[in-house]
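Labels below follow one simple rule: chain letters A, B, ... track the order of the sequence lines, proteins then strands, and each chain is numbered from 1. Computed over heavy atoms, backbone and side chain alike; hydrogens, waters and symmetry mates excluded. Computed from a prediction, not measured in an experiment: that's the story for all the values here.
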Protein chains: 2
Amino acid sequence: MGEKPTLQSLASSLGVSRQTISNVLNNPQVVHASTRDRVLAEIRASGYRPSAAARSLRSRRSEVIGLRIRPAVDGINGSLMDAFLHALVECSQRRDHRLLLITATSDEQETSEQAALHTTGAIDGCVLTDTHLDDTRPAELAATGVPFVAFGRPWQDRDAGHSWVDIDGAAGTRLATEHLLDLGHRRIAFLGWPTGSGVGDDRRSGWQRAMADAGVAAEDLATGLLDQRTDDGVVEGTQAMERALRAGATAAVCASDSLAVGASTVLRRVSSAETARTAVVGFDDTPVAAALGLSSVRQPVAAAASRVVDLLIERLTTANDPPEPVHDLLTPELVLREFDRRLDQHAR
Amino acid sequence: MGEKPTLQSLASSLGVSRQTISNVLNNPQVVHASTRDRVLAEIRASGYRPSAAARSLRSRRSEVIGLRIRPAVDGINGSLMDAFLHALVECSQRRDHRLLLITATSDEQETSEQAALHTTGAIDGCVLTDTHLDDTRPAELAATGVPFVAFGRPWQDRDAGHSWVDIDGAAGTRLATEHLLDLGHRRIAFLGWPTGSGVGDDRRSGWQRAMADAGVAAEDLATGLLDQRTDDGVVEGTQAMERALRAGATAAVCASDSLAVGASTVLRRVSSAETARTAVVGFDDTPVAAALGLSSVRQPVAAAASRVVDLLIERLTTANDPPEPVHDLLTPELVLREFDRRLDQHAR
DNA sequence: CTGAAAGCGCTTACAG
DNA sequence: CTGAAAGCGCTTACAG
């Protein structure tokens with residue numbers, strides 16, 4: 001294979017300065033077209049690739065983005081983050097950036113690890129996911145000067161000083177609720193999580209407002225009747241659906257596909273004519289929902305990832321004059337599946 | 001925050017040479033204990049972190065490992081790779097290495113991307129996953145000099161010149177089959193994929209051998225009777241199980257949890273006394289299997305990831321004298337769940 | 001055990 | 001448009 005080519009060796013064999021080659025790679029428009037073509041041809045022929053370390057040492061940029069990944073507690077909901085991760089890698093790669101992964105057992109460990117990597121120059125910035133109430137990470141990263149963009153709102157302060165991208169969960173559950181209302185349902189339950197999680201409360205609020213708009217009495221929306229609150233999980237979904245049925249529900253909007261899977265087993269068991277009109281809509285449109293034929297609210301994960309990467313890279317390339325923080329709320333879509341189509345035939 | 005400390009600034013304020021500080025970090029045993037402690041205290045106080053770029057430029061090592069991630073086609077089976085990814089990041093981090101992700105739309109793109117990153121020095125080596133028959137990646141990586149360890153056997157040549165770690169799928173299906181035999185089943189079907197996938201054929205062979213050892217007639221093991229071959233998926237599992245039932249099967253060992261989920265719905269529907277003795281065992285012990293109470297074969301993913309990282313780092317730190325290739329086959333375990341326990345009570 | 005020298009391979013000013 | 005100089009912050013020999 002011979003010696004690995006460097007700027008130096010290329011420059012010698014081409015009879016130009018290292019500088020010119022560097023310009024061809026980083027500032028092509030500044031080099032005469034004929035010189036550029038000659039250099040590019042030689043680069044291709046020699047298989048030359050600039051050293052990432054040398055480039056990074058001089059330019060003070062690694063073109064690497066940090067991301068914490070979490071153990072997937074639940075294979076059903078984990079697939080959302082999985083899709084986001086994929087999209088993030090793809091978008092980064094397209095923009096000549098790479099993604100570096102870290103793990104952490106706490107938010108503090110996450111931010112201190114990101115700060116450490118940023119100090120060594122291993123990463124230029126990072127992406128934050130799974131934002132929650134009382135999330136201290138934005139402040140910690142800001143304090144240590146680590147540029148970042150969040151996937152997820154800052155739940156306590158929407159006008160935070162950093163850029164974030166999120167999915168409008170309330171818009172999603174509103175879509176789901178309105179769909180069930182269109183089918184003729186009135187007593188539509190919401191199977192969600194206990195209050196206190198930003199994401200969960202947001203999803204509940206979409207159902208609440210859609211129901212209120214449709215003129216459903218407030219007392220029916222009260223906790224314990226149609227508003228079921230439980231931990232996430234398939235079994236929990238089954239139990240909550242059973243309670244909702246006793247409260248007279250004929251359909252349910254769920255905060256997750258896990259809950260929806262659980263709820264749907266109840267409906268398949270209770271197959272009387274009376275309950276056949278019941279319908280369930282999940283959230284996240286996971287492969288499991290697809291496999292079981294459940295309707296679900298689909299988050300535009302790829303679009304979110306693309307936006308996150310764009311915002312972060314813009315932030316990184318304008319270090320001296322940081323852009324105004326951007327707050328982006330993307331709208332999900334409702335994916336209807338056989339289960340509902342079947343119901344549709346009965347209901348209409 | 002002041003200026004970012006460097007080796008130089010630390011050396012000046014401590015009155016030692018840069019070299020000594022470098023030694024404290026990279027070669028502690030060579031520095032006098034009192035000097036070492038004084039330097040370490042100052043490092044901690046100043047928040048000094050060595051520049052990754054400078055270190056990498058000089059040492060020609062980035063301490064970064066490349067990995068291709070794939071879009072999770074199926075949320076059920078995807079969780080295995082998810083768990084492997086997490087374990088890989090954790091093990092790498094523990095050993096002061098980081099994981100860099102790439103995506104690719106083909107094996108060729110994967111290896112050329114890895115080679116490119118290796119040439120720039122962005123990665124020291126990479127991990128290969130999802131090995132398959134006629135996998136050209138090992139040869140391509142070897143040709144371009146990229147050190148790597150595979151998670152997955154080279155199916156065409158077990159004695160390949162590279163190190164690999166894999167899970168003994170045949171041992172797993174043997175465990176599952178023997179468990180069902182112990183419960184009194186004789187006509188145990190195998191729900192697997194069409195021949196030609198290394199992983200699938202391996203899993204089938206464990207069932208085949210266990211059945212043969214138990215004296216089950218070869219004609220019953222033939223395709224179309226107990227040996228069901230189908231694409232992966234929940235619906236496919238249901239259909240295959242229905243065919244197996246018609247062939248007189250009373251139980252099934254499955255090549256995946258997707259197939260097992262599908263198979264189990266058949267068993268829950270066909271709840272006659274005759275079929276109540278039927279049982280299903282899945283593969284991969286995914287969260288879905290856990291949620292639905294399905295028994296499954298669990299792969300020791302964390303152990304595999306740890307072994308992969310160890311082997312790769314050993315390979316990277318002995319570049320001039322590469323170690324002998326290691327081939328490691330780890331044994332999975334059988335996770336029994338309620339569904340089978342219930343059966344147990346009936347069968348005994 | 002400690003230090004002075006060299007240099008890893010680039011990019012960033014700046015001069016022509 | 002092109003080139004000569006400086007230097008990013010380390011580690012790796014090697015001399016004391």
Provide a list of protein-nucleic acid N or O atom pairs under 3.5 angstrom, restricted to nucleotides 10-14 of chain C.
unit_1: C:dC10; atom_1: OP1; unit_2: A:Y48; atom_2: OH; d: 2.9
unit_1: C:dC10; atom_1: OP2; unit_2: A:L7; atom_2: N; d: 2.9
unit_1: C:dC10; atom_1: O5'; unit_2: A:Y48; atom_2: OH; d: 3.0
unit_1: C:dC10; atom_1: O5'; unit_2: A:S51; atom_2: N; d: 3.4
unit_1: C:dC10; atom_1: N4; unit_2: A:R18; atom_2: NH1; d: 2.7
unit_1: C:dC10; atom_1: N4; unit_2: A:R18; atom_2: NH2; d: 3.0
unit_1: C:dT11; atom_1: OP1; unit_2: A:N26; atom_2: ND2; d: 2.8
unit_1: C:dT11; atom_1: OP1; unit_2: A:R55; atom_2: NE; d: 3.0
unit_1: C:dT11; atom_1: OP1; unit_2: A:R55; atom_2: NH2; d: 3.1
unit_1: C:dT11; atom_1: OP2; unit_2: A:S22; atom_2: OG; d: 2.6
unit_1: C:dT11; atom_1: OP2; unit_2: A:N26; atom_2: ND2; d: 3.4
unit_1: C:dT11; atom_1: O2; unit_2: A:R58; atom_2: NE; d: 2.8
unit_1: C:dT12; atom_1: O4; unit_2: A:Q19; atom_2: OE1; d: 3.0
unit_1: C:dA13; atom_1: N6; unit_2: A:Q19; atom_2: NE2; d: 3.2

First of B:R36 and B:L57 reached from the 5' end of DNA chain C, by closest nucleotide
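The 5'-side residue here is B:R36.
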
So that I can tick it off, tell me whether A:D130 and A:R68 are bridged by a salt bridge, with the cut-off set at under 4.0 angstrom between side-chain N and carboxylate O.
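No, no charged N to carboxylate O under 4.0 Å.
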
Using a strict 4.0 Å threshold on nitrogen-to-oxygen distance, state whether A:D124 and A:R60 make a salt bridge.
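So A:D124 does not pair with A:R60 through a salt bridge.
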
Where the side chain of A:R36 meets the backbone of A:P28, is there a donor-acceptor pair that is under 3.5 Å apart?
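A pair under 3.5 Å: yes.
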
Polar side chain donor-acceptor pair, B:E42 to B:S46, under 3.5 angstrom:
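No.
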
Any side-chain donor near an acceptor of the partner, B:S12 and B:S9, under 3.5 Å:
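Short answer, no.
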
Nearest whole angstrom, please: distance from the P of D:dG3 to the CG of A:N27.
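For the pair A:N27 CG and D:dG3 P, the rounded distance is 16 Å.
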
In this structure, are over 12 heavy atoms from other groups packed under 6.0 Å from B:N27 atom CG?
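Yes, CG of B:N27 has more than 12 neighbouring heavy atoms, counting only those of other groups under 6.0 Å.
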
According to the Watson-Crick and G-U wobble definitions, with both distances under 3.5 Å, which nucleotide is paired to C:dA4?
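Its partner is none (no Watson-Crick or G-U wobble pair with both distances under 3.5 Å).
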
With a 3.5 Å limit on both atom pairs, tell me what D:dA13 is paired to, counting Watson-Crick and G-U wobble, or say none.
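Partner of D:dA13: none.
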
